[in-house]
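Notes for the one structure printed next.
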There are 2 protein chains.
Amino acid sequence: MRIGELAAAAGTTTRTLRYYESRGLLSARRDGNGHRTYDEDDLAQVRQIRTLQDVGFGLEETRPFVECLRAGHAEGDSCPASQVVYRRKLDELDSMIEQLAAAREKVARQLARAERARDGLAADALVPGGPEPVCELGGRE
Amino acid sequence: MRIGELAAAAGTTTRTLRYYESRGLLSARRDGNGHRTYDEDDLAQVRQIRTLQDVGFGLEETRPFVECLRAGHAEGDSCPASQVVYRRKLDELDSMIEQLAAAREKVARQLARAERARDGLAADALVPGGPEPVCELGGRE
DNA sequence: GTACGGCTTGACGCCGACGTCAAGGCAACG
DNA sequence: CGTTGCCTTGACGTCGGCGTCAAGCCGTAC
């Protein structure tokens, strides 16, 4: 398999594969013309990388998985080092989600406040249970 | 107020303030020495920018808020354009949170699977030809 | 012959929000 | 007088993951 075929099979580009190689995440044999040659194991490694990238892993974080595959394991995540990365990523995702949720609430509160101000500071607009003073998010812009 | 003082008051750096100016988000008078001079309004603008940045707004997204302040409003979000940005950011945050939550679940499932495989592998290793727990992440198509 | 497609290496571009260094000016302090 | 400290502009560096262009080689089809 040559680089273009591998790229097509993995759903990526030749540039990306050469980049992976430059980062030491992929290795290639060469044929008589100096062209890179790959086999099914290489395809599996690239697929592993892509799968992880899609879920938000950085390239460096995929390294243990690739090395696990290279070590002969059928799954890149069967090695302890890979699972350590999984757990780290879980924590990372949790804190990111937490941060985003907090940011979302801040923005939502600010928007609600700004809309109340725009609609005028009538007293009933601030009374909870009043005749729905806010929340007309749709239309009219 | 000179640039260093403004930076200190706003909790940022002089480099950042000059950068804002280069982006047209901040304007400065000059004193006899060619040094930038600022007043309280400028401080309010910088604080508005920083507040938004902290919640995840890009610099360009802060522009309507700054212009709103410049237009004489006491709050940067009292202008319609600012509130449009708020709503856009809310949607953006929602979809980001959604994506991250989905990613989190995928990782969690993969980790659980890998751990089951590891635990089961000890038993399987003693019984070659036994049941093979294979399960792949659906990821890309 | 020559056009074409696929391969090679090398190197610069991109995005965002600055950090950091360079080289110099002006004021105050001792 | 020199040193410190704040200011000026300009320009390159950073991080990630590639995109894109350049120049050239190789084999095949027409």
Side-chain angles (χ1 to χ4, degrees), chain A residues 1-39 42 45-63 65-66 85 88-89 92-93 96 99 103, chain B residues 1-39 42 45-63 65-66 85 88-89 92-93 96 99 103 139-140:
Chain A
M1 204 175 359
R2 285 182 307 174
I3 194 168
E5 297 169 304
L6 177 58
T12 184
T13 68
T14 61
R15 176 68 181 92
T16 295
L17 297 180
R18 290 197 196 95
Y19 178 64
Y20 290 172
E21 184 178 335
S22 80
R23 302 277 91 194
L25 286 170
L26 189 59
S27 59
R29 271 67 53 191
R30 300 294 181 126
D31 68 8
N33 291 327
H35 293 180
R36 290 170 177 83
T37 300
Y38 303 96
D39 57 23
D42 296 313
Q45 289 173 31
V46 176
R47 284 195 169 135
Q48 173 73 83
I49 296 174
R50 295 266 99 194
T51 299
L52 293 172
Q53 291 261 85
D54 288 348
V55 196
F57 284 63
L59 261 191
E60 276 312 312
E61 292 175 321
T62 71
R63 195 178 295 277
F65 296 80
V66 174
V85 176
R88 223 164 23 92
K89 183 57 67 178
E92 209 177 298
L93 285 169
M96 287 179 68
Q99 280 185 35
Chain B
M1 205 175 358
R2 286 181 306 174
I3 195 169
E5 297 169 303
L6 178 58
T12 183
T13 67
T14 62
R15 176 68 182 94
T16 294
L17 297 180
R18 290 196 197 93
Y19 178 64
Y20 289 171
E21 184 177 337
S22 80
R23 302 277 91 196
L25 286 170
L26 190 59
S27 60
R29 272 66 55 191
R30 300 294 181 126
D31 67 11
N33 291 328
H35 292 182
R36 291 171 177 84
T37 300
Y38 302 96
D39 57 23
D42 296 313
Q45 289 173 31
V46 176
R47 282 195 170 135
Q48 173 74 83
I49 297 174
R50 295 265 99 195
T51 299
L52 293 172
Q53 290 262 86
D54 288 347
V55 194
F57 284 62
L59 260 192
E60 276 312 311
E61 292 175 321
T62 72
R63 194 179 295 276
F65 295 81
V66 173
V85 176
R88 227 169 13 97
K89 182 57 65 178
E92 209 176 297
L93 285 169
M96 287 180 67
Q99 281 185 36
R140 357 185 343 96

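All chains are named by letter (A, B, ...) in the order of the sequence lines, taking the proteins before the strands, and each is independently numbered beginning at 1. What you are looking at is a predicted structure, and each value in this text was computed from that prediction instead of being measured.
- Rounded to whole angstrom, the span from the CE atom of B:Met1 across to the C1' atom of D:dC7 amounts to 16 Å.
- When all heavy atoms of B:Tyr38 and B:Ile3 are compared, the pair lying nearest together is CE1-CA, 3.7 Å.
- When rounded to the nearest whole Å, the span between CZ of B:Arg2 and P of C:dA28 equals 10 Å.
- Nearest to the side-chain atoms of A:Thr16 among the listed nucleotides D:dC7, D:dG19, D:dG27 stands D:dG19.
- Across all strands, A:Arg36 comes closer than 4.0 Å only to sugar-phosphate atoms, never to a base (heavy-atom distances).
- Nearest to the side-chain atoms of B:Arg30 among the listed nucleotides C:dA17, D:dT9, C:dT8 stands D:dT9.
- Between the CD atom of A:Gln53 and the P atom of D:dG17 there is a distance of 6 Å, given to the nearest Å.
- The shortest heavy-atom contact between A:Arg2 and A:Glu5 is N-OE1, 2.7 Å.
- A distance of 11.0 Å separates OG of A:Ser27 from CZ of A:Arg36, quoted to the nearest 0.5 Å.
- With the nearest nucleotide of DNA chain C identified for both B:Glu60 and B:Asn33, B:Glu60 has the one nearer the 5' end.
- What you find for B:Ala7 and B:Leu17 is that their closest heavy atoms are N-CD1, 3.5 Å.
- Atom NE2 of B:His35 is separated from atom C1' of D:dG5 by 11 Å (rounded to the nearest Å).
- Comparing atom distances between the B:Ile3 side chain and each of D:dT20, D:dT8, C:dC18 picks out D:dT8 as nearest.
- Taking side-chain N and O atoms only, B:Arg15 has no distance below 4.0 Å to OP1 or OP2 of D:dA11.
- Of the two residues contacting DNA chain C, namely A:Glu5 and B:Ile49, the nearest-nucleotide position lying further toward the 5' end is that of A:Glu5.
- Nearest to the side chain of A:Thr14, among D:dC6, C:dC7, C:dT20, sits C:dC7.
- A donor-acceptor contact under 3.5 angstrom links the side chains of B:Tyr20 and B:Arg50, judged on distance only.
- The CG-P distance, from A:Asp31 to D:dG27, rounds to 10 Å in whole Å.
- Side-chain atoms of A:Arg18 and base atoms of C:dT9 include no donor and acceptor less than 3.5 Å apart.
- For the pair A:Tyr19 OH and C:dA11 P, the interatomic distance rounds to 17 Å; values are reported in whole Å.
- Rounded to a whole Å, the CZ atom of A:Arg63 is 12 Å from the P atom of D:dG16.
- Taking atom OH of residue A:Tyr20 and atom C1' of nucleotide D:dG16, one finds them 11 Å apart after rounding to whole Å.
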